[in-house]
Number of protein chains: 2
Amino acid sequence: MDRLRDIAIFSHLSDIQLEKLKKISSVKKYRAKEILFYEGDEPVYLHVLLQGTLKVYKTNHKGQQIFLHQFYPGGLVAELAHFENIPYPATAEFMSDSEVLRIDYKALEKDFFKNPDISFEIIKSLIAKHKILIDVIQKEVILTAEAKVAKFLLENEELFKTLKNTQVASILNLTPETLSRTLSKFKASGLIEVGDEHHIRIVNRDRLQEML
Amino acid sequence: MDRLRDIAIFSHLSDIQLEKLKKISSVKKYRAKEILFYEGDEPVYLHVLLQGTLKVYKTNHKGQQIFLHQFYPGGLVAELAHFENIPYPATAEFMSDSEVLRIDYKALEKDFFKNPDISFEIIKSLIAKHKILIDVIQKEVILTAEAKVAKFLLENEELFKTLKNTQVASILNLTPETLSRTLSKFKASGLIEVGDEHHIRIVNRDRLQEML
DNA sequence: GGCTTTTATTGACATAGGTCAAGGTTTTTT
DNA sequence: AAAAAACCTTGACCTATGTCAATAAAAGCC
């Protein structure tokens, strides 16, 4: 249980406080594709991702997933719902076998929220979420499909090599067809090159940048 | 300067603290349509809206405004940019003649952030913003034009009477044409009625609700 | 009360991106 | 290595919403 100390939000707690925390929390394992919670569920536990990856998405009118965010170990999941005592605003699904720490939220609130170190960490976590949401808006509302792809290429050139195009498409909330067509267009206009084994290389960084 | 005490975030401060706060802040008046800050500007002051209304929007690739949020008196504007020391992620424009309190952020941080009451208020403000952003995503990414209009009708029946359709359209980020067509459709299917003087009355609340 | 400006409505058309389908490629399984 | 499954690409078509233009209606103004 020393992992608690590795989690940013609890890193400043004393041993005694950590002991207390241990009493109100438990670890649960999940397998890939299991659901942590659905949009509309009532929150009970505060979740901290210990291991694995978790994606959060909303579902639009056609049942299509709108990817919002991906969590990595250490991430504090969906605290908003707890603070405001409202149903989860999105669905969370594990992308790989994972472990989460489940903390009894009511108990946490009672014992820990007066601690200024914790409230500072909560502010930090909220700010990080805030940024994520602004990025989602940027991505979904402001950018065209081309701009989304250009941005992703610039910021994640490496990732493009390891992820399948369907995965990239779903992160960008595009269909694989659109992604494929966009990449072909970039290739045709000499912005990128595709080497052996599907490895994409950016040829003209500046012109890609201009698309944003 | 007793207005400071009426602002939620400062309501728990002692007189001495308020005096200190007064020293690092000033009031500035703006007229309707003036800009408080542009997307990309560097933040210097933390702004609190004292009087009037302020809208925040982003601009998409075609120069079109994407309305994000409207502030009312008491609102703490764009604190994220300060906490993270990043440029403003959107543009803020006054919709009516207004007054804002400008606070020297660096000084505020130094003197006030250790105060647990203030940090709690900051958390509350951040959570409120978070909610707003989730609503923006809901509105812009998940809902169709019909659903947006249905939602707005259900939640703001009164507002529809006072606002012009162009104003409603801009809040919903739709063109006036699309709004007009959508309303005609609703009228044709007996969901709403338009009485004298453009007053819209909801006839079938349940069926409107189903569109969401 | 008649001008001028601002809104609202309607039609014809444009466009980005999605959908469906088919064929080719790659990866996984056995 | 063969078979099955998953993935990628391309074409034809669809749909929601935006754009542009014309006219009608309403609101503001001397």
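First the proteins, then the strands, lettered A, B, ... as listed; each starts at 1. Every heavy atom of this structure was used, including side-chain atoms; hydrogens, water molecules and symmetry mates were not. The structure presented is a predicted model; accordingly, all values stated were derived computationally and were not measured.
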The complete set of side-chain hydrogen bond (donor to acceptor under 3.5 Å, both in side chains) pairs with one or both residues in residues 178-190 of chain B, sequence neighbours excluded, reads B:Glu146-B:Lys185, B:Thr175-B:Thr178
- Task: Would you please test B:Asn165 and B:Leu183 for side-chain contact (heavy atoms from CB on, under 4.5 Å) and show each step?
- Result: CA-CA 10 Å; B:Asn165 280 10; B:Leu183 288 174; 3.9 Å; yes
From CZ of B:Phe160 across to P of C:dA8 the rounded distance in Å is 10 Å
Quick one: do B:Val141 and A:Lys58 satisfy side-chain contact (heavy atoms from CB on, under 4.5 Å)? Show the steps, please. CA-CA 9 Å; B:Val141 181; A:Lys58 288 176 84 80; over 6 Å; no
Within the structure, does a side-chain N or O atom of B:Asn165 lie under 4.0 Å from either OP1 or OP2 of C:dT9?
-> yes
Hits for ring pair (Phe, Tyr, Trp, His ring centres under 6.0 Å) against B:Phe94, two or more places apart or cross-chain, chain-then-number order -> B:Tyr30
Whole-Å distance, A:Leu179 CG to D:dT10 C1', equals 14 Å
A:Asn60 atom CG is separated from D:dT17 atom P, nearest whole Å, by 11 Å
Close side-chain approach of B:Lys129 to A:Leu133, heavy-atom, < 4.5 Å
no
Judged by nearest nucleotide, the residue sitting upstream toward the 5' end of DNA chain C, B:Glu177 or A:Glu146, is B:Glu177
From CD of A:Glu140 across to C1' of C:dG17 the rounded distance in Å is 13 Å
With five pairs defining each end axis, the helix from C:dG1-D:dC30 to C:dT30-D:dA1 comes out bent, to 10°, by 50°
Separation of D:dA25 atom C1' from B:Lys164 atom NZ, nearest Å, is 13 Å
Separation of C:dT6 atom P from B:Leu163 atom CG, nearest Å, is 19 Å
A:Leu172 CG to C:dG17 P, in whole Å, measures 12 Å
Ordered by number, residues from residues 181-190 of chain B within less than 4.0 Å of DNA chain C (heavy atoms) are B:Arg181, B:Ser184
Query raised in the report: So do the side chains of A:Thr91 and A:Phe37 get within less than 4.5 Å of each other, counting heavy atoms only?
Result: no
Side-chain N or O of A:Thr175 closer than 4.0 Å to phosphate OP1/OP2 of C:dG18: yes
With sequence neighbours left out, the residues meeting ring pair (Phe, Tyr, Trp, His ring centres under 6.0 Å) with B:Phe152 are B:Phe160
Closest heavy-atom pair, A:Glu157 versus A:Ile200, reported as atoms and distance to 0.1 Å, is OE2-O, 4.0 Å
side-chain hydrogen bond (donor to acceptor under 3.5 Å, both in side chains) pairs touching residues 201-212 of chain A, sequence neighbours excluded, are A:Glu193-A:Arg201
A:Asn173 CG to C:dA16 C1', in whole Å, measures 16 Å
side-chain N/O B:Thr178 vs D:dG18 OP1/OP2, d < 4.0 Å: yes
Out of D:dC8, D:dT17, D:dA21, minimum distance to the side chain of A:Thr166 belongs to D:dC8
